[in-house]
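Everything below concerns the one structure shown next.
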Amino acid sequence: MLATAGLAVAAAAAYGLASRSAPGGVTGDSAAGLAFGIAAAGLMMFEGLLAARKRKRAWRLGRAATWMRGHIWLGVLAVPLVLFHSGFHSGGAITTILLVLFGLVTLSGLFGLALQQVLPRVMTARVEMETVFEQIPQVVAQLRKEAAERAAKTGDPVIAKVHREAIEPFLLSDGGRAQRLGDAGRSEAMFAELKRLVPLAHHETLADLAHICEERRQLALQARLHRWLHIWLLVHVPVSYALLLLVAAHAVMTLLY
Amino acid sequence: MARARTTKTLAKRIELDYFHKPHALRTWMRRLSWTAAGLAALVVLLALRPAGRIAWSSGGLTPPHALFQADCAACHARAAGGPVEDAACTACHAGPPHHEGASKAPACASCHEEHRGRPLLRVDDSHCTACHADLKSVPRPEPAASLTGSAVRSVAERVVSFPGGHPEFHAVSLGRDEGRLRLNHELHLKRDLKGLRGPVTLDCASCHAGDAEGRLMKPVDYETHCASCHPLTFESGDSLPAGTVVPHGDPAEALRRLVELYAGTAVAEDDAARAVDPVAIALARQRARRARLESPAYVPLSRPPGTERAFVVERVGLAVRILERQTCALCHGPGGGEPLPAAAPPPDGGSILPAPPVVPKPEIPPSWMPRARFAHRPHRALACTACHPAAGASQRTSDVLVPGREVCASCHHAGGGAPVTCVFCHGYHVAEENLLGPGRLGLPRHGLWIRGASAPSPPAPR
């Protein structure tokens, strides 16, 4: 962070000096503007290498955490470099598109970064029964099977009715709060009421069914948190590919002219 | 039996090959990535077409250049890197250089920045102050004593902005008007002045009228503005009709007129062909005119034959002395009743006639700001005294009545509403010669001029 801040301050100072010495300010084709542009493009290329590093884990090209820190801080550094390169002008059609794409990539990345500072802690605190995200449907299916087996084993008509009308539909749903069992407080109240209606011998089964519902709620929360943690990538990654392609074309065309 | 959540039971719930199976997030990320890359490639391909090349432009072109906006090579060299070459500009626009003493001549494109979507003539002040903030390259002649001097005038060494970083205007900094025509503005602006046809009250517009372009004031003309109250009379007696005057502007012509006037006695024209000196010629012409019974312009005088020459010489001499001491000296003299300077005797010993009066040139500059571009027309909403407050109280010719920097700065300052850039008042391409290229399109300079026709020159000082 300190290095990024230092480099940003140095870049700003260089921009200030270049602006003062260049009548009309820094433009993309001036010496200073080109330097800023080349530096920004280089940083963007490095940013794109993170995806390759993630795919080639076996290569062990530095720690993944180090790569991620570099990706974040150098990405932040690219922002002032791009602005200095453009002279704070949007320019023509291609350069305007580039600025928009760069803005989308940066903002989506910062959004994801912010989420990643908060949501993992929430997940740790509130999803004790976390599982592999991609296996949540399979785990839920197993929970359904387990709940059905336990409810059938008691032979109690009340438990069977509750399972048929509340627990099974809840386990089949997305686990959201629209269902009665989707809310922990209401679920607890329902099972406390059931305890008065069923024999004492079946209270343990009721507790298991309540636990199954709790696990289902946690898995639903895990799915939601996981989607929030990763949905921004659907903007960040594709737009990055477009940005890199257009940056390369922009560099080639400006060198030609 | 209570639920058991052991590591084994939890692990058994997970499929061993789950990471090989497609997942919605990864699937959609892959699809969107290919789509975005494809769209970007499509944009690039569309922009590579001749009609699409404008997309690579770094900004909009100014309207006059829009006709070749899709032809980048019209201005940009195809070599890698490098700015637009001056030859591309001067092929159409032959801009004269700025100053022969300039240490460096910037490229056209360095000041006239295209692709900014604004007029090319809107040049940022930083282009000017790059040199003029600390000017060392301009030759340092002696400061000119007057605005009409043809010598190179001094150039301020440091100009960074207006008005704060701009020196006082040269005319004001001189401290005195070098004009040699005596004029008392306060006297002329009094009410009910004694005119030839009755009381006259003058105002600024009585003598000062703008030129056709609305830029400067037309020179004050004697015949138009002065003659009605200041006739060039010369006769103290009654030998000529009242109001007889000599012409203004050429003392030699005035002398000839005097001779013709006083030779009003009839002299045969055929004598004029044989005559040599101007008195004899005029006398002969007048005699011939009377002989043709033409209405004489002059009151014929009865002079004894043989005395006509002496009469004319005497009267012309008297008239010249009146002109030197009174009539011409009123405006062109040194003041205080002093006459005009005495004329030097001719080298050949002189004719019998006196030399014409020696009238100093008025030395009134055609423009008080020859290096600035000023126009009265945009200021027509203001009263004259708004910028020339001292005119009404000025009694001396030496009073400088042109406004100084602070008067202009009352509106022409940052945030004041009026333009305040260097190029708004000053031109860069000021030299008339040594055009830099073959271009046929001229550059605007105090208006439009087209190469091939001579640029309008300011009138010579009188």
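What's counted below: heavy atoms across the whole structure, side chains too, no hydrogens, waters or symmetry copies. Numbered from 1 within each chain, the chains take letters A, B, ... in sequence-line order.
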- Compare all side-chain heavy atoms of A:M253 with those of B:L48 and state whether any distance is below 4.5 angstrom. yes
- Check the surroundings of atom CZ in A:F102: do more than 12 heavy atoms from other residues, nucleotides or ligands lie under 6.0 Å from it? yes
- Heavy atoms only: give me the nearest A:P238-B:A36 pair and the separation to one decimal. O-CB, 3.2 Å
- salt_bridge(B:R5, A:E214) N-O dist < 4.0 Å: no
- Task: Name the region of B:A24, side chain, backbone, both or neither, that has any atom closer than 4.5 Å to a heavy atom of chain A.
- Result: neither
- Item | Leading residue by heavy atom contact count with chain B [cutoff under 4.5 Å; candidates A:V139, A:T96, A:T95] | A:V139
- Query: Side chain, backbone, both or neither: which part of B:H115 has a heavy atom under 4.5 Å from chain A?
  - Reply: neither
- Would you check if the side chain of A:Q138 reaches a backbone N or O of B:E15 as a donor-acceptor pair within less than 3.5 Å? no
- Residue selection (most heavy-atom pairs with chain B, distance under 4.5 Å) from A:A207, A:G91, A:S240: A:G91
- Task: Evaluate the side-chain proximity of B:V43 to A:L245: yes if any heavy-atom separation is below 4.5 Å, no if none is.
- Result: no
- Message: Other residues, nucleotides and ligands only: do more than 12 of their heavy atoms fall within 6.0 Å of CD on B:E168?
- Response: yes
- Query: Pairs in or reaching into residues 207-226 of chain A: which pass ring-ring contact (aromatic ring centres under 6.0 Å, His included), with residues at least two apart or in two chains?
  - Reply: A:F133-A:H226, A:H226-A:H230
- Task: Could you tell me the separation between the CG atom of A:L233 and the CG atom of B:L32, rounded to the nearest 0.5 Å?
- Result: 11.5 Å
- Message: With a 4.5 angstrom heavy-atom cut-off, is it the side chain or the backbone of A:I212 that approaches chain B, or both, or neither?
- Response: both
- Test A:L234 against B:R31 for side chain to side chain contact (heavy atoms under 4.5 Å, CB included), laying out the working first. CA-CA 10 Å; A:L234 292 180; B:R31 287 177 184 170; over 6 Å; no
- Task: Could you tell me which portion of A:L206 (side chain, backbone, both or neither) has an atom closer than 4.5 angstrom to a non-hydrogen atom of chain B?
- Result: neither
- Could you tell me whether A:E134 and B:R26 make a salt bridge, using a distance below 4.0 angstrom between a side-chain N and a carboxylate O? yes
- Item | Residues, nucleotides or ligands: over 12 heavy atoms within 6.0 Å of B:R13 CZ | yes
- Task: Please state whether the side chain, the backbone, both or neither of B:I14 comes within less than 4.5 Å of a heavy atom of chain A.
- Result: both
- Pairs of heavy atoms under 4.5 Å with chain B: top-ranked of A:V132, A:L34, A:L246, A:I231: A:V132
- Query: Hey, is CG on B:L16 packed in by over 12 heavy atoms from elsewhere, all under 6.0 Å?
  - Reply: no
